Amino acid sequence: MPFKQLYSKLLSYFGFRDWWPGDSKLEICIGAILTQQTSWSNVERAIEKIKSNGYMNLERLAYLDISSLENLVRSTGFYKTKARYLQGFCKYVLEHYKSLDNLLSKPYEELRKELLGISGIGRETADSIILYASEQLSFVVDAYTKRVLKRVYGIEENDYEYIKALFESLIDKDLDLYKDFHAQIVELCKNICKSDPICSICPISSYCLYNRSELNTKKIKESH
DNA sequence: AACCAGGAGAGAG
DNA sequence: CTCTCTCATGGT
């Protein structure tokens with residue numbers, strides 16, 4: 001299928017996703033770190049805990065004792081690691097920029113390089129923060145993006161920067177498009193490819209190049 | 001009851 | 001640069 005049709009098909013099926021869910025830029029950054037290798041429902045609990053206890057705040061997170069922070073983010077798994085990541089991020093921002101907005105207002109190249117230098121922020125997390133919190137063009141690549149590339153276009157590629165550049169070269173430079181494209185891919189892989197009987201109404205199923213014998217996970221094998 | 005989720009870092013080769 | 005290991009809770 002022509003690449004341009006991929007997004008329009010997804011959009012017409014799922015509707016505009018209005019990503020990223022979150023009431024503030026800080027919440028988006030924290031969610032981006034907490035959702036690493038973790039389902040979003042588990043992240044929501046942690047974010048609600050942080051908010052209801054009054055800790056959705058750069059300074060308070062930075063100086064909260066680590067064991068209390070671990071307890072707040074326990075539901076996201078890897079909680080000891082993620083507590084350190086979160087606090088490290090908050091302390092870094094405070095010490096170097098005083099406020100989150102000061103960091104996020106930096107231009108793309110500098111911002112991305114700097115985010116990648118912070119422990120716990122890899123490429124996907126950095127790009128999520130740039131796109132959804134800083135609101136600059138930066139296509140987010142995740143496991144789902146790779147899966148769609150493989151299944152719809154037969155491209156089996158693992159190089160993050162290559163895939164990112166590929167998408168960015170093919171789509172219009174529009175902020176809402178960047179945001180929603182990634183959201184649509186997640187929506188597709190989460191709700192369609194995963195659950196069994198839906199495949200018949202999958203918006204792009206007729207374009208998938210691969211049949212069940214060539215898919216990599218058991219659940220996807222069953223649905224296609 | 002295995003299997004996996006919107007990854008990242010550290011170490012080895 | 002490319003593997004491989006580790007981190008760990010909660011849903012199916």
Side-chain angles (χ1 to χ4, degrees), chain A residues 7 10 14 16-22 27-50 66-90 92 112-134 138-151 156-165 167 178-199 215-224:
Chain A
Y7 176 71
L10 292 170
F14 291 116
F16 189 68
R17 305 310 303 159
D18 197 24
W19 263 29
W20 187 293
E27 188 177 326
I28 292 170
C29 294
I30 287 173
I33 292 172
L34 291 181
T35 199
Q36 291 165 6
Q37 194 64 30
T38 303
S39 62
W40 182 254
S41 58
N42 286 356
V43 176
E44 282 183 313
R45 290 199 198 94
I47 288 180
E48 274 315 303
K49 251 185 187 172
I50 293 172
I66 196 67
S67 61
S68 300
L69 185 52
E70 288 174 359
N71 194 44
L72 291 175
V73 302
R74 183 165 312 244
S75 65
T76 65
F78 310 136
Y79 63 91
K80 291 181 181 175
T81 306
K82 285 176 179 174
R84 279 195 293 276
Y85 286 171
L86 279 191
Q87 192 155 73
F89 173 74
C90 293
Y92 182 92
R112 188 164 199 264
K113 189 176 176 186
E114 187 141 11
L115 286 171
L116 290 175
I118 301 174
S119 179
I121 300 183
R123 288 169 299 201
E124 182 185 343
T125 307
D127 289 330
S128 298
I129 291 173
I130 296 170
L131 181 59
Y132 296 107
S134 173
S138 188
F139 199 86
V140 179
V141 176
D142 62 359
Y144 292 159
T145 313
K146 295 176 183 175
R147 195 178 298 173
V148 168
L149 255 191
K150 179 182 177 184
R151 294 180 57 183
E156 199 164 357
E157 180 62 58
N158 281 319
D159 187 331
Y160 185 101
E161 302 298 340
Y162 174 81
I163 298 172
K164 174 182 171 68
F167 273 84
Y178 269 58
K179 288 182 177 180
D180 199 46
F181 207 139
H182 176 246
Q184 297 288 351
I185 289 173
V186 172
E187 201 66 24
L188 173 68
C189 292
K190 255 169 76 176
N191 299 332
I192 302 296
C193 297
K194 194 171 172 183
S195 63
D196 164 32
I198 308 186
C199 208
L215 301 181
N216 47 359
T217 76
K218 195 193 299 179
K219 287 183 177 178
I220 293 172
K221 283 179 183 176
E222 288 166 359
S223 71
H224 271 78

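Reckoned from all heavy atoms, side chains included, excluding hydrogens, waters and symmetry mates. Note that the structure is a prediction, hence the values are computed from the model and not measured. Each chain gets a letter, A, B and so on, in the order the sequences are listed, and its residues count up from 1.
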In whole angstrom, give the distance that lies between atom [atom1] of [X] and atom [atom2] of [N].
{"X": "K190(A)", "N": "dA5(B)", "atom1": "NZ", "atom2": "C1'", "answer": "10 Å"}
{"X": "I121(A)", "N": "dG9(B)", "atom1": "CD1", "atom2": "P", "answer": "8 Å"}
{"X": "N71(A)", "N": "dA8(C)", "atom1": "CG", "atom2": "P", "answer": "14 Å"}
{"X": "I47(A)", "N": "dG6(B)", "atom1": "CD1", "atom2": "C1'", "answer": "12 Å"}
{"X": "L116(A)", "N": "dA8(B)", "atom1": "CG", "atom2": "P", "answer": "9 Å"}
{"X": "N42(A)", "N": "dG7(B)", "atom1": "CG", "atom2": "P", "answer": "13 Å"}
{"X": "K146(A)", "N": "dG7(B)", "atom1": "NZ", "atom2": "C1'", "answer": "10 Å"}
{"X": "R17(A)", "N": "dG6(B)", "atom1": "CZ", "atom2": "C1'", "answer": "14 Å"}

Whole-angstrom distance between [N] and [M], as gauged at atom [atom1]:
{"N": "dT6(C)", "M": "dG6(B)", "atom1": "P", "result": "23 Å"}
{"N": "dC3(B)", "M": "dC5(C)", "atom1": "P", "result": "16 Å"}
{"N": "dA8(C)", "M": "dA2(B)", "atom1": "C1'", "result": "16 Å"}
{"N": "dG10(C)", "M": "dA1(B)", "atom1": "C1'", "result": "14 Å"}

Report, one pair per line, the protein and nucleotides 1-7 of chain C atoms (nitrogen or oxygen only) whose separation is under 3.5 Å.
from, atom 1, to, atom 2, distance (Å)
dC7(C), O3', T81(A), OG1, 3.2

Compute whether any side-chain donor of one residue and acceptor of the other, for [X] and [Y], lie under 3.5 angstrom apart.
{"X": "H182(A)", "Y": "D142(A)", "result": "yes"}
{"X": "Q184(A)", "Y": "Y144(A)", "result": "no"}
{"X": "S138(A)", "Y": "K164(A)", "result": "yes"}
{"X": "T38(A)", "Y": "K82(A)", "result": "yes"}

For [X], which contact category applies under a 4.0 Å heavy-atom criterion: base, sugar-phosphate, or nothing?
{"X": "I33(A)", "value": "nothing"}
{"X": "L34(A)", "value": "nothing"}
{"X": "T145(A)", "value": "nothing"}

Stacking here means centres under 5.5 Å and planes under 30°; does W19(A) stack on dG6(B)? yes
Between D180(A) and R17(A), is there a donor-acceptor pair closer than 3.5 Å when you use the side chain of the first and the backbone of the second? yes
Does [X] put a side-chain nitrogen or oxygen below 4.0 Å from OP1 or OP2 of [N]?
{"X": "R45(A)", "N": "dG11(C)", "value": "yes"}
{"X": "T125(A)", "N": "dA8(B)", "value": "yes"}
{"X": "R147(A)", "N": "dA5(B)", "value": "yes"}

Around Y162(A), counting heavy atoms of other residues, nucleotides and ligands shown, do more than 12 lie under 6.0 Å from its OH? no
For K146(A) and E157(A), run salt bridge (Lys or Arg N to Asp or Glu O under 4.0 Å): C-alpha distance rounded to whole Å, both residues' side-chain angles, the deciding distance at 0.1 Å, then the answer. CA-CA 7 Å; K146(A) 295 176 183 175; E157(A) 180 62 58; over 6 Å; no
Could you work out which one of dG6(B), dT9(C), dA8(B) sits closest to the side chain of Q36(A)? dA8(B)
Closest to the side chain of S75(A), out of dG6(B), dG9(B), dT9(C), is dT9(C)
Where each residue is assigned the nucleotide of DNA chain B containing its nearest heavy atom, which of S119(A) and A32(A) is assigned the position nearer the 5′ end? A32(A)
Show the numbers, then the answer: is there a salt bridge (Lys or Arg N to Asp or Glu O under 4.0 Å) between K150(A) and E156(A)? CA-CA 5 Å; K150(A) 179 182 177 184; E156(A) 199 164 357; 3.7 Å; yes
